Structure formats: structure tokens, C-alpha cells
Amino acid sequence: MAETTEEERNCSSTSDLVFAINGERFELSKVDPSTTLLEFLRTQTPFKGAKLGCGEGGCGACVVLVSKYDPLKEEVEDFTVSSCLTLLCSVNGCSVTTTEGLGNSKDGFHPIHKRIAEFHGSQCGFCTPGMCMSLFSAIVNADKTQSNGSSKLTVGEAEKCIAGNLCRCTGYRPIADACKSFAADVDMEDLGLNSWGRNEGSDGVMASELPSYTKCNGTFPEFLKRELKSKSLLNCRDCNWFTPSSIHELQSILKSMEKDDSARVKLVAGNTGTGYYKEIDGYDKYIDIRHIPELSRIRRDSTGVEFGAAVTISRAIQVLKGKKGGLESSGELVFEKIACHMDKVASQFVRNTATLGGNLVMAQRKHFPSDVATVLLAASSSVTVLTTSKILKLTLEEFLEMSSCYSNTVLLSIAIPSWNPVKSFSSENETRLMFETYRAAPRPLGSALAYLNAAFLAQVSIPQAPNFVVLETLQLAFGAYGTKHAIRARKIEESLIGKPLNRDLLFDAIKLVGEVVAPEEGTSHPAYRSSLAVGFLFDFLYPFVEVANVIPNGISSEHSNSSEINHSTASNPVERRKKANLLLSSKQVVEVNSQYSPVGEPTKKAGADIQASGEAIYVDDIPSPKDCLYGAFIYSTRPLAWVKAIRFKSQSQTRGVVRVITFKDIPEGGKNIGVRTIFGVDPLFADEITRCCGEPIGFVVADTQKNADMAAQCAVVDYDTENLEPPILSVEEAVHRSSFIEIPAFLNPTEVGDFTRGMKEADHSILQAEIELRSQYFFYMETQTALAVPDEENTMNVFSANQCPENAQIVVAKCLGIPEHNVRVITRRVGGGFGGKALKALPVAAACALAAYKVGRPVRVYLNRKTDMVMAGGRHPMKIKYNVGFNSDGKIVALHLDILINAGATEDLSKIIPHNMMKSLKKYDWGALSFDIKLCQTNLPSRTAMRGPGEVQGSYIAEAVIENVASFLSIDADYIRTKNIHTYDSLKLFYGGSSGESNEYTLPLVLNKVVKSSSFNQRVEAIRQFNSGNIWRKRGISCVPIVHEVMARPTPGKVGILNDGSIVAEVGGIDLGQGLWTKVKQMVAFALRPLLPNGSKDLLERIRVVQADTLSLVQGGFTSGSTTSESSCEAVRLCCNALVERLNPLKERLHDAMGPVSWDVLILQANLQSVNLQSSALYIPDSSSMRYLNYGAAVSEVEVDLLTGATTLLQTDIVYDCGQSLNPAIDMGQIEGAFVQGIGYFMLEEYLENSEGLITSDGTWTYKIPTIDTIPKQFNVEIMNSGHHQKRVLSSKASGEPPLLLAASIHCATRSAIREARKQLFSWIGSNESCWTFDLDVPATMPVVKKLCGLDSVERYLHGLLSIQKAVN
């Protein structure tokens, strides 16, 4: 039966583009065909909910719903798309729904908006609209909805619907809970902390308490349905967009274009390839091939399935998973396996428009590392190709090996044959079909290219009694390993077909893998990729090798993916592998404190609803002023060179360009300043010399952001290195050339004890051990952005996404040479910061202001993700050598460290790093501690303060030392940790006044709690048993404590009460997503409570915190260091205390005259009697208590797959001491989010650069932050209320940064699992080498883990079995 998605009938043409957005009709007569849907939404409509996060389809911030109507079937198809990749002309005749279309603050929020907010699933909020749309699509497309507030959506589907969406703030858990609340099969008691239940004293949330969800009335407006009764295809010669309705018409268009050799023609279907292959030069003609019936047809019959090349991957998955009825045949199982593998290609919102044909053409023409090509190759798929003169039928292998596939060669269809076993050997044997697909990638559920993918198809002859298996046919396909395209491993196939499958044969075949799967030169991790091929082949074939269940000398026949390999397992191999799934669970334990109500209550984050609905305004959402221009940076690609000139190769590359700003444009009296700290200044632009890659050289100003970006990307910079020394590109070279940044005396950390004496008294020592720590990128969802608007009297208004507006004001004023009162910097909200929006945001604001000053017009900039990543700098890399002395019982008595910190080209905030490192490293009692720390100035991008700057590295170094001592003594590392935990006396010795009173030292209590709540001791034994019974999977567990010192800083605040009794508050702190505004609102309500007769809860909704404005509130300072929220709260409390003092006498007089006085009456009378209703204050923390310690501990358990090096995070339990939390819901989000960001640092994120220091991990394709499928499957967090802390703000403690350090527990648990793998490996080869001693890199990526577990582990295993077999025989 054939299926057509477009009816084979004549279609009229139109030159007008017609579509709907949120029910509103749009008709365009002329449009640039390269315009994306996102670009149109954000520049031509009021709907700014969809955000630009990456421009690659890799983050989900831009997800919207597209709906198509079939007038013949009267059906609407709804699917999400990545609007940053979708061309606007592609939505002709479609309806687009953004998050604003679901609901809003005026008409009422959608239940999705409400639940995301009330489950505390929005922090910075930049990713939230995309999350909402991914969830909305899943609900809409679920089967029939019910009336009880849930849908037919399953819990598994609810979790997976956001698998392609990135979030850097929350850690995903609360978002997943919000999604699961819509599932029909959810157990409400399993859902996490929310505003309806799961709070203190609650057993859980009832479904009836949730905002009800009723079936969507429709996503496609009736007016558009009426217009589509007579289908019209867009053919607009003015905008060079053509939509052929037949193959013949397509041929005619292509033939007519052959006359113009210079014309660049693009065939368009999903356009998702532009996410990977960036288009620098535009196209002259666009041909939309989706409406050609032959390219959209699907045929499925007994011979197999044939897909038109324009069929989307999502549609192909749906068809391949569909059963034809009756029992499953082997062929249908093959189709289902292919579909399951395709489900891991990209993300749902990319697969919905990406086509099978487009994917294969990219693989053939551009050598894209395709998963689709590999799995279809193993299944003997074929293709039909149209050339200018004929139609060709080719095998997929022949197609991939073609020399090229140009635009005048069109892939028409892909056919997958139906597979059924054919008996060809002895009739006594049963013939079965085996098919399996494999991929090893950083993320289990997709959105990541594979290191290697593979698919194997075999027909096997299985004997009736256990004997041997014969492979009658075999097809092995490997791809994505550093080769031009997927290949068939014919040499290996030939070595196996027709022979009894035994260990010897398998071993010989595996030896051939290195020959066949040989990555090309320059491929990363070549040995790892080859080892994956070996592992996958072994995994596929080994269950069918006849082996005894138990072999002497400790080598078992147990297999990786089966609890026991036996005859029955072999008879049904196609079902033996587990499907990837999520099914996350969690537990949050909080103690709600009503003493200072509403402070201490888990109030939802202020603004969370409007963040979800897309109404929250970020800098790039501010409508462009009249005559606004746009900017883009030209950055250096050389580490040290003279900058001779900036030029463009052709006139077309300067389209729309108004000017290029450089250091020469600094006005008279101004300075070339881009960054200012207490330590000095850094330049805005390189002058004659650029000192590192990524340094700004120029700033292109153009009429659109697209044109500015294009010009900046095409700009050619002429460099010269004459008379310059070679650049310093390593800390070793910096030491050799004495290139250091001096550390101020007040930031020099303090040594403890006598190291020399300690080493002499030690029983043992480890000398010159080494640690290397790399950088990490912030990956805030909103990239750097600013808008500068010139105003009267030589003033400048700057809207900046910034953690320190005051510094931005100073920098802009100095750059322009004008007084600071002529510069107003406004920051309302920031889409994630993590330190990256502190100093690194200043040159962005300054460049915008300088450009606006020079051209006399508003100028704005929104950095593309690549530019942002190249210029960002990130966390400080460093190299450490250490000597440690310790006793036989594990007590460490002396530690000395030599630390080389790579500061990069400029000072930035690097001078604070040594001090911060030592603060967190001192968490153990080292006996004596000494160090030599050097800040190395190199010609690499300048590093800056990233969340937990220095503390993350210092805390990890401490754990690395503990692990090394444990390895030396062959003692469990957690015992060594316990042995070296501080007593209160040693804590005072190492931390001085920061240690507080003895009752404030809660770390021992925290550790006891987490050990008990996580059942740590019981799980240690269970893991031991698991490891002894499993060869190819090993587990590890670790318990890691932290001690983290923070410092409160002076912070201003202002509170005013308006005529109607509403309240406005303003603070120096910026809400970056950490809930600062929410805590401030709670504090204002609490502090004004004495004036209210019925408490302060009713007052909470009448308080508004307004944006930071440097001319309204001065001395704003930095938002950093985890303490700005509490300091801002204390500042407004001081303001409110003053207001209470002024209003109390009036209240008492009114009470005496008329009894209880309402708030409104009190404020009315205060206005009539001219009481000052505004108060400002500057909170200055007491110098004796401004520093204090935070305590926490985490137990983490992981499982390592020895064949791939993949690490699965099974469970994490955290106990964290927040003092008395100002808001447990917000602090819970900070703890979880910080921990998951730490997972990225320790396990996933590689911020790589080339040999000259230019960042190469410059997008979502190459830089992998955690996703929902890489967080702990069981994630339990307890916020411990440690009681009264008199010197803290209402007894509260910080939560923003310290929990990130706890993610080292994942790394340490991975080390434990690797140790078990190495113990096993060394037993196979009879090595006396210690399995305890090894270095585990940070991040511990899959290649790193696999290398330590043994790249040749399969070969070693088989060799051991064969040796024993030979000895026995």
C-alpha cells in the first residue's frame, strides 16, 4: 500500500507567503528566502518567546510548534521545529504556535506555564519557552486526552520530550517533574517539591490540586483552513523561491538554471543541515522539494519499505515502528531496531523536519558522520537517484561511494528490504535473523554525534542442542569513526561466514577490526574508536559462541548485556539488548521555617510564569529603536601578531555594513578600556598587536544582525609576526620565560604548619604526583548582549545583560571620555551568568556604546554562540604537582603543592584564584600545608571567574590527593576521607575566624546524615557483589564532603511605598536566575510585617522588585560569590526597618483613634501627613563575620560500561547545610543546578583549542553540557536546617556555588568503578601492576574512561579464555 503525504493533483501557485502565528494571519509579498522563522518572529512580530541560543538546532531555546492542515483528510499535523533552522518560506500555509500562543498574564497562563513555574522549573528562564513548547507538542500528540487534568502521555514520553532541550540552571529535575505531572501513569507522590504539595508535612500533591489541562481546541485557525481548501504552492520569483509539484517540473527548473553557471542553487526540505554546515555565502535560488509527490511517498509491502527522500526522520521512525498486525516477524524487528536507532539522531524538534534524503546526501557529499547511513547500509538499503538525464537505482553503498552529489543530482527515494530468515544449512538447525545497532556518544538519547556507530545483520543457524552456531550471512557496517562515509566490513564478514562460530574464529575476526576500522589521520581518539568497533562486534557475536558457564582461574563467560548467556539466549538474540530509557526519580527533603514568614517558605520564583509564557523581557527582546544598527565582533585568530589591516574579499560580504569600529575610533579623552577591576584594566580592542586568539580586533556595524555577523565572519585580518617573540602557549613556557602576574599580598593564601617536619614524621610519602585541570565554558543560554542608545546632552543609555552594571557604567564612561553620570546602565534580567556575565560582558557593552557614539544611532549586539565561546575565556586551567606525607593508618600529615595557573593574556580576576583555591582545598586536615602558586600570563584567551572560581579546582585537588593516598595504601578512599576530616580545633587552625562557633561546624553531622539517608554502607557491599558477578559493567560509589568559604559584601537597597500601598524595591544584586528578586520580595514582606495586622503574606503580591539602574541606585557592586541574595535581603530589611520606625507612631495613633488599621489606610494617612515613604540603605557586613563556611556532602554511585567507557550516573544523595534557608525551593534549585553543572565539568565538557589557542569547541556540536539523560537517575537532595546562626542574615547561608564542588563525587565514584575494571583486566593478563594507581582526567569522558579500563579489554578477555581452553585441552 502506498501512502502520500502530498496529494497527487494539480496545485495552483502563489507569489505571496501566507501563514499564521498564534492565530494571527501574516501575508508577505516579498521576503529574503534565507530568512529563518526565528529571525522573522524576533524582528517582525511581538512574539519574542522563542530565543536564539545556538543557531544550530542544538539547544531547544527556539522551539515552536508548526501545524499543517490536510484539507482532504481534514487532519492537522502538529510538530515542533527548531525555528533557528526553519526557513520562513517553508511555513507557507502553516500555523505557528509560540509559547505566547498558549497563554499569558492578561488572558490567563496555560497549565504548562503554571506547572513549570509552580514546580520551580524556571530559573534564568531563557530556556523555558522552548521547554514549554516541547512539552505542549508531546501532550497534543499524545492519544486522546482525559478530563481529569492528565493526558494519555506516559511518564517515559514526558521525560523524553525535553531530551533535546538544554538548561544550564536547574539540573532538569524540576522541569522533568512538571512534564511528568501531565502523564496519565504518573504517581503524584513521586513528583518533587512544588507549590501544591511535597512540602513539609505533605504526603504529596493531588492531581486535583494541579492546574487542570483540557484538550487543546485546535492549533490551526479556521480562516487558514478555508484558504487552504484550494492548495497553493509558493513560487515567488521576486524572492527566488520555487516549489515544484512534480519531478518533471523540478527537472525543468534545474535545467533552466544550468544556463547560469554562477548561480548557486539550494534544494530545500528541512534545512537542518545548516545547523552543522554553516552557510557563509547565500544562495541565488531556493527550490522547495517537499511538495513533489514522489519525494514524499511512503510504500510498505511484503518486499520492504520505501521512503521518498523528503520524508522526515520522525515520520520514518513512526512508519518503521508501526506493526502490520499479528506476530512480530524478524523483518519487522529489523525495522523497529532501525527506528529505535534513528530515535537517537539529533533531537525530536530536528528530526521532525530533517529528511532521510538530506541526511544521506550530507553523508555522501560532505562526509557527515551519519547514523542513518550506517544502519541502512547494514540492512542492504538501496536508493533511487535522478540525474539531469536519467533515473538510477543504486545500492546505498554505491551511492555513498559516488564521487559527488551536486544540486542537479537529486536523491528520490530510499528502500529498506524486508528481511526474513532463509534456511540453507541442515534442516535440523533452526535459522534465525539477528540485527543490532550500536552507537557510542556523549549523550545516550541523541543530540550528540557518535564516536562510532555500527549496525550488524546476520542469519544464523542455531543447533537444537548446545553445540555451535554458524553464520550463514553477515553484514557489518561501521561509520562515524573518522572516515568519509559508513563502510561494509567485508573482510571481517568473509572471515566469519559459513564457519562454526567459536572463540578462535571470533578472536581472529576481532584482530581484523583494526585493519578495517582505521580512522583517518587527524581524527580524535582513533584508538578509542577502533576499540569501540571491537567491543560492538564482540557484543553482537559472543552470545553465540559455545562456552562453558564457568571457566577456571577466575574468567567467567558472563556477558555484558545478559545476566547469563545460554542456549535460550542465543535463540532470540534480537531482543537481548536493553532499550535506553530515562524514568528518573528523586526525593527532596526540606524543613519549612515559618519563624520569619514569608521568608523561609518555598515560594515560587518571581517572574517564573512570564518566563514560561515568553513575556519576560531580556535585553535582546527589547524592541529595536528607530534607525537601530547591529554589531558583531571581529576577533583575532592568531595568538601574538601585528594587526596590519582588516579587509573584505568582495563587495557582497559588506552588504549592509555601515562601519568597522577599531581602537582608532576611541574618542579624544576616552581610553581603550573594555574591562575594569580593582586590579587594573584590560583593553577593549587589540591595538597594533593582538595578544591572544579571541581578542576583539574590530566591531562591524551593519543594518541587521545577520549582515553584521556575516561580515565579521568573512572579514580577513592581515597579520605579521616580524620582530615578535614566539607566543607563550603553555604554563611551562610561561615559567621558562618568567611570564607571571603578581599576586597581591592581601590575596596570598596562608600556609599551615611545618611541611618539612611533617614529611620527616610521615610513614610514607608520594612525591611529584601530577594533576592537570582544564577549562570550562559558562554556556549561559543567553549569549553576551547589549543595546546602546545615545541620548540628549552627550549621554548614553546602555541595556546590558550584566552581573555588575556599575562596572559597565565606569568602563563605558572611561571609554567614551564622558562623566559617569552621562552613562545609564540598565539590567532587568540575565539569561544565565555563572561569572561569564561579569567582566566578560563589559567589553560587549563598551563596544556597543562606542559604536553608537560614533554613528549617532542606537547599536545593539547579540553574539552568536561561536563568537561567544571563542571570546569567553572560561574557567582557569592549571597544572599541579604535589608531595604528600602520610601514616600507615591513612592520616595525612603534610602536603605541599606547586601550582601553575594559566591566567591567559590579561589579568582579569585571576589574582583571586590562588586565595579561593586554598579556601576549598583546606577542607581536610593536612597536618601541614605549604604551596608555591604561580599565575602564568600566556598568549591564550584570558580566563575569568566562573561559578566557584578556584574553589572547584581546589576542592578537586584535595580529593585527588586523598584518592592517591588511598591507592598507595590499597585502602578505600572514603576511609581516608573520614580519617582526615577536620575536628573543630583543626578547622580553626586552617580557616581562622571564618570557622565560626563550634556549634556552627556541622560537617560531621552532614556526613552522618548523608551516609545514613543514602544507605551508603549497605550499597558498598551491594556494589562489591555486583562487580564480582559482572564482567563488562562495573560500579563505584564515593562520599565527598565540601567546606566552602564565602564572603558577604556591601550591597545597596531601596524600598518605596506608593500611594496605593504597593511597594517597589531596588537592589544592587542582579537576578541571574538564582531567585534573588524572590528572596528580596519575601524579605520586604517580612520586614514590614510589624505594620500589618494580619501578617505579611497578603503583602507579598504587592511588592515589585525593579531593574537595576546605575543612576537610580549607586554602588551596586558585583552579583557573584553566592552571597549577593542574602546581602540584598539585608539591605532591604534595613530600609524596611527605617520605614517601620517612621510609620509605627502613626499606626499607634490611628489604632488609638479607630482600632485595627489596615495597610491601605495606614499608607493613605502617611501620604496625607507627609511621612517619608522611601528609604535607602547600604548593608555593610561586619568585618569579623563577613566570611563564613558552608558545608555539604554527596554520595554518588555510577556504572561504567567497559566496552564503551560510558558512565551512567545511577544515584546521587546530597545533604547541604543552608542554615535557615530564605527560600527552600530556590535553594533546592541552586543546589541541583550547581551539581549538574559540576557533572559537566568533571565528566563531559571539553573546552578544546587548537595549537595556537583558538577555541575549537565552539558550538553545541562540539561542546556537550549535561542533558536530562546524563543526570543521576535517582537524585535525592536534603536541605539541612542547622539552626540559628546569629551573625548571618536571618540565620541563612549561601547555596549558589558550593554544591558544584560536590560533583567531584561522580568523578571519584567513576574512579572506583575503573579500579574494579583494572583489577579484572590485570588478572586476565597475569600482571602484577597495581590496579589502584592511575590518573583519571577531568573531564572523565568516554574515551578517557575506556582507555583506563583497557582499549584491548576484549582481546585480553578472549586471549585469556583461549589460553585456559588450550591448557585444559
Side-chain angles (χ1 to χ4, degrees), residues 52 618-635 656-667 670-676 682-685 695-709 711-712 782-791 794-818 820 822-828 830-831 836-864 867-868 871-872 1108-1110:
L52 178 61
Y618 300 81
V619 170
D620 198 51
D621 298 332
I622 299 171
S624 292
K626 186 176 184 298
D627 299 324
C628 187
L629 297 173
Y630 301 78
F633 282 100
I634 300 171
Y635 54 79
V657 173
V658 174
R659 185 168 185 162
V660 176
I661 304 290
T662 69
F663 77 98
K664 296 176 182 178
D665 293 291
I666 303 290
K671 297 178 180 178
N672 184 15
I673 173 175
V675 171
R676 174 253 187 196
D682 295 344
L684 173 58
F685 294 116
E695 182 178 17
I697 294 176
F699 190 69
V700 177
V701 181
D703 59 348
T704 67
Q705 190 67 63
K706 180 195 288 186
N707 287 340
D709 285 336
E782 171 201 47
T783 59
Q784 301 283 6
T785 181
L787 166 63
V789 183
D791 207 345
N794 200 27
T795 60
M796 187 68 66
N797 296 322
V798 181
F799 301 86
S800 173
N802 199 315
Q803 292 178 234
C804 45
E806 180 189 7
N807 261 22
Q809 178 188 38
I810 295 169
V811 166
V812 169
K814 287 185 179 299
C815 180
L816 301 184
I818 59 179
E820 289 176 21
N822 278 23
V823 179
R824 166 176 268 133
V825 177
I826 296 172
T827 302
R828 178 178 293 184
V830 178
K837 299 281 180 68
L839 299 189
K840 293 295 183 179
L842 304 185
V844 178
C848 251
L850 175 60
Y853 186 89
K854 296 301 290 187
V855 300
R857 295 165 62 178
V859 175
R860 72 188 315 159
V861 62
Y862 187 80
L863 266 59
N864 61 62
T867 300
D868 195 287
M871 292 176 56
D1109 182 335
T1110 57

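Computed from a predicted model, the values in this text were never measured in an experiment.
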Note to self: So, taking the atom named CD in Gln809 and the one named CG in Asn822, what distance separates them when rounded to the nearest 0.5 Å?
What the structure shows: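 Answer rounded to 0.5 Å: 10.0 Å.
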Next item on the list: Give, for atom CG of Leu787 and atom CD1 of Ile622, the distance between the pair rounded to the nearest 0.5 Å.
Entry: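 CD1 of Ile622 is found 5.5 Å from CG of Leu787.
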State which residues pass side-chain hydrogen bond (donor to acceptor under 3.5 Å, both in side chains) with [X]; sequence neighbours excluded, sorted by chain then number.
| X | value |
| --- | --- |
| Lys706 | Ser34, Glu39 |
| Arg824 | Asp1109 |
| Thr785 | none |

Shortest non-hydrogen contact from [X] toward [Y]:
| X | Y | value |
| --- | --- | --- |
| Phe685 | Thr662 | CD1-C, 3.7 Å |
| Cys848 | Val859 | SG-O, 3.4 Å |
| Gly674 | Leu842 | O-CB, 3.2 Å |
| Pro623 | Arg860 | C-NH1, 3.7 Å |
| Pro805 | Thr827 | CG-OG1, 3.5 Å |
| Val812 | Ala846 | CG2-CA, 4.0 Å |

Non-neighbouring partners of [X] that pass side-chain contact (heavy atoms from CB on, under 4.5 Å), sequence neighbours left out:
| X | result |
| --- | --- |
| Arg676 | Ile673, Val681, Asn807, Ile810, Val811 |
| Leu52 | Leu38, Cys84, Tyr862 |
| Ala838 | Gln803, Cys804, Phe1118 |
| Asn707 | Arg655, Ala702, Asp703, Thr704 |

Taking [X] for its side chain and [Y] for its backbone only, find out whether a donor-acceptor pair lies under 3.5 Å.
| X | Y | answer |
| --- | --- | --- |
| Thr1110 | Val825 | yes |
| Glu782 | Val830 | no |
| Gln784 | Gly836 | yes |

Checklist line | Verdict with reasoning, Ile666 to Leu850, per side-chain contact (heavy atoms from CB on, under 4.5 Å) | finding: CA-CA 7 Å; Ile666 303 290; Leu850 175 60; 3.7 Å; yes
Item checked: Listed partners of Tyr618 passing ring-ring contact (aromatic ring centres under 6.0 Å, His included), at least two apart ->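 By the ring-ring contact (aromatic ring centres under 6.0 Å, His included) rule, Tyr618 matches Phe126.
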Notebook entry, point to check: Are Tyr853 and Pro667 close enough that some pair of their side-chain heavy atoms sits under 4.5 Å apart?
Noted result: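 Side-chain contact under 4.5 Å: yes.
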Check: Side chains of Pro696 and Leu684: closer than 4.5 Å at any heavy-atom pair?
Finding: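 With C-beta onward as the side chain, the pair stays apart.
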Donor-acceptor pairs are to be reported for all side-chain atoms of residues 794-801 against protein atoms at under 3.5 Å, with residues two or more places apart or in another chain.
residue, atom, partner, partner atom, Å
Thr795, OG1, Glu792, O, 2.6
Asn797, ND2, Asp791, OD2, 3.1
Ser800, OG, Asn802, ND2, 3.2

Notebook entry, point to check: More than 12 non-hydrogen atoms from neighbouring residues, nucleotides or ligands closer than 6.0 Å to NZ on Lys854, yes or no?
Noted result: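 Buried by this count: over 12 neighbours within 6.0 Å.
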Next item on the list: With sequence neighbours left out, write down each residue that passes salt bridge (charged side-chain N to carboxylate O under 4.0 Å, His left out) with Glu695, or none if nothing qualifies.
Entry: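 For Glu695 there are no salt bridge (charged side-chain N to carboxylate O under 4.0 Å, His left out) partners, ignoring immediate neighbours.
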Next item on the list: Mind checking salt bridge (charged side-chain N to carboxylate O under 4.0 Å, His left out) for Arg659 and listing every partner two or more places apart, or none if nothing turns up?
Entry: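 Partners of Arg659 under the salt bridge (charged side-chain N to carboxylate O under 4.0 Å, His left out) test: Asp665.
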Side-chain donor/acceptor pairs under 3.5 Å, residues 625-633, sequence neighbours excluded:
residue, atom, partner, partner atom, Å
Tyr630, OH, Ser624, OG, 3.0

